[in-house]
Amino acid sequence: MEDKHGWDMMLCADTHHCAVGTLAREMHHTSEALCSTIAFHLFGLLCKDTPCQDLAAMAFLVETLDYLDLSECCDSVLEVMSKKLQSECREMRRLALRGLLVLGTSVSAAIRMWSLHERLVELLQENDSNMLRMTVVLLSRLFLCNGARLASPLALQLAGALLLLFDNDDSQVQVCSMFIFREMLYFWPEEEKKALKSHVCQSLLPLFFHCHDENQRVAEDSQETLHCSATFLHRKDLQHMLRLDQTWRFGKALLAEDRSRAAEHLCRALRYVESPQKPLREVAVRFMGIAGRRLRGQQQELQLICTALEHLTEDMSSAVSQLALETLHVLLAIQCGQYSTIQRLQDQLRRAWRTRPHLSGLGCCNAR
């Protein structure tokens, strides 16, 4: 405790509960019997709503839940945690989520926790990365153990929140949000698909980009979720591309389906220009090149593309900067009406040459 400045934290009202949690963790190693006694006593106080320092009591309890006989008191613990999850105090909600995550490792407890799913959907709006991660992880656990469908209004609210999480900086949040989205699509009734169609359409672009994510788990989950979305929308063309592992054609097909939505797709794609991942920036350049051809004559959107490409010509990756420069050159030529059939053919030949198979050493091109 001294090394972790625990005693100093104990004297400050704002950090008192943090110090109590630290104390509980340290007591695990030094006095299990005393730790168990305190945990049981605090649990009793919280169950009876006896006046006490609730925040400190919860901080100690969530660190020592394994000392309680959950086979006998699981329902009571769930009741306490569920009540604290409704608290107006963010720190109390955070502690309740931690406790529920511990309980949620049990399938039987996760099944009984399904009644909390509405509150958890609300908590996805929290502006706190730690709470957001715990909430989406807990929700994914509940969906895994229950496999139940949501009421339509709540499902639409959840779908909207999940779409934003596909681009989260935390890969665990991304993977869990994609899993929940897939589960929603799987259990969604056929006769009500129209209500969810708009959200599923919006999922296509971010999922397409994250198929190229540097994190292999995120890339694999993105591809699986993208296939689920394409199936939900009855887009056999997209399903075929995914089966053949032709995700590089996906962006072109997405824009070709509805030219009127090209500007909308463009606005969503621009966020990836600032991605710290080189593969996502490269896909963004290629997508903007395709979008630029579709948006010919729409000056405002073309200006957005050109501005983004100019920014990427100074990218730290030479491959991205070169690709951005070439794409910008083509789009400016198109805008000025100077991109002839000959130039288009030359560009196609250059791309074919850069992506040609490496034949050196095979002897098939040797002069006779």
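Computed over heavy atoms, backbone and side chain alike; hydrogens, waters and symmetry mates excluded. None of the values given here were measured: they were computed from a predicted structure.
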**Q** Nearest heavy-atom pair of E224 and R182: which atoms, and what distance?
**A**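 Heavy atoms of E224 and R182 come nearest at OE2-NE, 3.5 Å.
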
**Q** Between S106 (side chain) and L103 (backbone), is there a donor-acceptor pair under 3.5 Å?
**A** no

**Q** Tell me the closest heavy-atom pair linking A155 and M184, and the distance in Å.
**A**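 In this case the closest contact between A155 and M184 is O-CE, 3.2 Å.
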
**Q** Please report the closest heavy-atom contact between R235 and A253, naming both atoms and the distance.
**A** NH2-O, 3.9 Å

**Q** Calculate, to the nearest 0.5 Å, the distance between atoms NE2 and CE belonging to H265 and M288 respectively.
**A**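 CE of M288 is found 15.5 Å from NE2 of H265.
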
**Q** Tell me if the CZ atom of F187 is crowded by more than 12 foreign heavy atoms within 6.0 Å.
**A** yes

**Q** Using modelled atom types and a 3.5 Å cut-off, is there a donor and acceptor pairing between side-chain atoms of D221 and backbone atoms of F179?
**A** no

**Q** Answer yes or no: are there more than 12 heavy-atom neighbours, outside K197 itself, under 6.0 Å from its atom NZ?
**A**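 No.
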
**Q** Is the distance between the ring centroids of F166 and F181 less than 6.0 Å?
**A**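 Centroid distance F166-F181: below 6.0 Å, so yes.
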
**Q** Can you give me the closest heavy-atom contact between L331 and R293, atom names plus distance?
**A**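 Heavy-atom minimum between the residues: CD2-N, 4.0 Å.
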
**Q** Kindly indicate, with the supporting measurements, whether the criterion side chain to side chain contact (heavy atoms under 4.5 Å, CB included) is fulfilled by T64 and I38.
**A** CA-CA 9 Å; T64 55; I38 295 173; over 6 Å; no

**Q** Say whether, by atom type as modelled, one donor and one acceptor occur between the side chain of Q277 and the main chain of E214 under 3.5 angstrom.
**A**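 The answer is yes, because a donor-acceptor pair under 3.5 Å joins these two groups.
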
**Q** Are the side chains of L61 and M81 in contact, using a 4.5 Å heavy-atom criterion?
**A** yes

**Q** Any side-chain heavy-atom pair from V285 and D315 closer than 4.5 angstrom?
**A**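 Not touching, per the 4.5 Å side-chain cut-off.
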
**Q** Using a 4.5 Å cut-off on heavy atoms from C-beta on, say whether the side chain of N215 contacts that of V175.
**A**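 Not in contact.
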
**Q** Are L156 and F143 grouped together when hydrophobic residues (ILVMFWY) are joined by side-chain heavy atoms under 4.5 angstrom apart?
**A**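 L156 clusters together with F143.
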
**Q** Taking side chain as C-beta onward, heavy atoms only, is L312 less than 4.5 Å from T327?
**A** no

**Q** Are V330 and V273 connected in the hydrophobic side-chain network, where two residues link if heavy atoms are under 4.5 Å apart?
**A** yes

**Q** Using 4.0 Å as the upper bound for N to carboxylate O, is an ion pair formed by E264 and R268?
**A** yes

**Q** For the residue pair V107 and L144, establish whether any side-chain heavy-atom pair is separated by less than 4.5 Å.
**A** no

**Q** Mind checking the CG-CD spacing from L139 to E183? Nearest 0.5 Å is all I need.
**A** 12.0 Å

**Q** Which heavy atom of A308 sits nearest a heavy atom of L270, and at what distance?
**A**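 Smallest interatomic distance, heavy atoms only, reads CB-CD2, 3.9 Å.
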
**Q** Could you tell me whether a side-chain N or O of H240 sits under 3.5 Å from a main-chain N or O of D237, the two making a donor and an acceptor?
**A**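 No: the side chain of H240 does not pair with the backbone of D237.
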
**Q** How far does NZ of K84 sit from CG of D54, to the nearest 0.5 angstrom?
**A** 3.5 Å

**Q** Under the criterion side chain to side chain contact (heavy atoms under 4.5 Å, CB included), I'd like the reasoning laid out for Q239 against K236: C-alpha separation, chi angles, the key distance, then a yes or no.
**A** CA-CA 5 Å; Q239 294 176 57; K236 292 184 178 180; 4.2 Å; yes

**Q** Would you indicate whether the side-chain heavy atoms of V173 and R133 approach each other to under 4.5 Å?
**A**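 They are in contact (side-chain heavy atoms under 4.5 Å apart), so the answer is yes.
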
**Q** Would you kindly confirm whether V80 and W114 end up in one hydrophobic cluster when ILVMFWY residues are joined by side chain heavy atoms under 4.5 Å apart?
**A**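 Yes, because V80 and W114 connect within a single hydrophobic cluster, where side-chain heavy atoms sit under 4.5 Å apart.
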
**Q** Considering only heavy atoms from C-beta outward, does the side chain of T231 approach that of L185 to under 4.5 Å?
**A** no

**Q** Do L116 and V102 belong together in a cluster built from hydrophobic side chains that touch within less than 4.5 Å?
**A**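 Yes.
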
**Q** Step by step, would you call L100 with L78 a side chain to side chain contact (heavy atoms under 4.5 Å, CB included)?
**A** CA-CA 7 Å; L100 289 168; L78 273 176; 3.8 Å; yes

**Q** How long is the span from the CZ atom in R90 to the CG atom in D128, to the nearest 0.5 Å?
**A**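 Output value for this atom pair is 5.0 Å.
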
**Q** Between CD of E63 and CG of L95, what distance do you get to the nearest 0.5 Å?
**A**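 E63 atom CD to L95 atom CG measures 8.5 Å (nearest 0.5 Å).
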
**Q** Relative to each other, are the rings of H212 and F208 parallel, tilted or perpendicular (30° and 60° limits)?
**A**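 Judged by the thresholds at 30° and 60°, the geometry between H212 and F208 is perpendicular.
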
**Q** Looking at E191, I want to see if its CD is surrounded by more than 12 non-hydrogen atoms of other residues, nucleotides or ligands under 6.0 Å.
**A**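 Check passes, neighbour count above 12.
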
**Q** Taking R281 for its side chain and Y272 for its backbone only, find out whether a donor-acceptor pair lies under 3.5 Å.
**A**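 Side chain of R281 to backbone of Y272: no pair is present.
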
**Q** So, applying side chain to side chain contact (heavy atoms under 4.5 Å, CB included) with C201, which one of L233, L196, L254 is it?
**A**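 Only one option passes, and that is L233.
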
**Q** Would you check if the side chain of H311 reaches a backbone N or O of T307 as a donor-acceptor pair within less than 3.5 Å?
**A** no

**Q** Check the hydrophobic clustering (I, L, V, M, F, W, Y; side-chain heavy atoms under 4.5 Å; chains of links allowed) and say if L154 and I180 are grouped together.
**A**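 The answer is yes; both residues are in one hydrophobic cluster.
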
**Q** Of the non-hydrogen atoms in V137 and S140, which two are nearest, and what is the gap between them?
**A** O-OG, 2.6 Å

**Q** Do the non-hydrogen side-chain atoms of L138 and M113 ever get within less than 4.5 Å of each other?
**A**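 The answer is yes, as the side chains (C-beta and beyond) meet within the 4.5 Å cut-off.
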
**Q** Take T37 and H41, measure what side chain to side chain contact (heavy atoms under 4.5 Å, CB included) needs, and give me the verdict at the end.
**A** CA-CA 6 Å; T37 302; H41 177 69; 5.6 Å; no

**Q** So how far is it from Q172 CD to R217 CZ, rounded to the nearest 0.5 Å?
**A** 9.0 Å

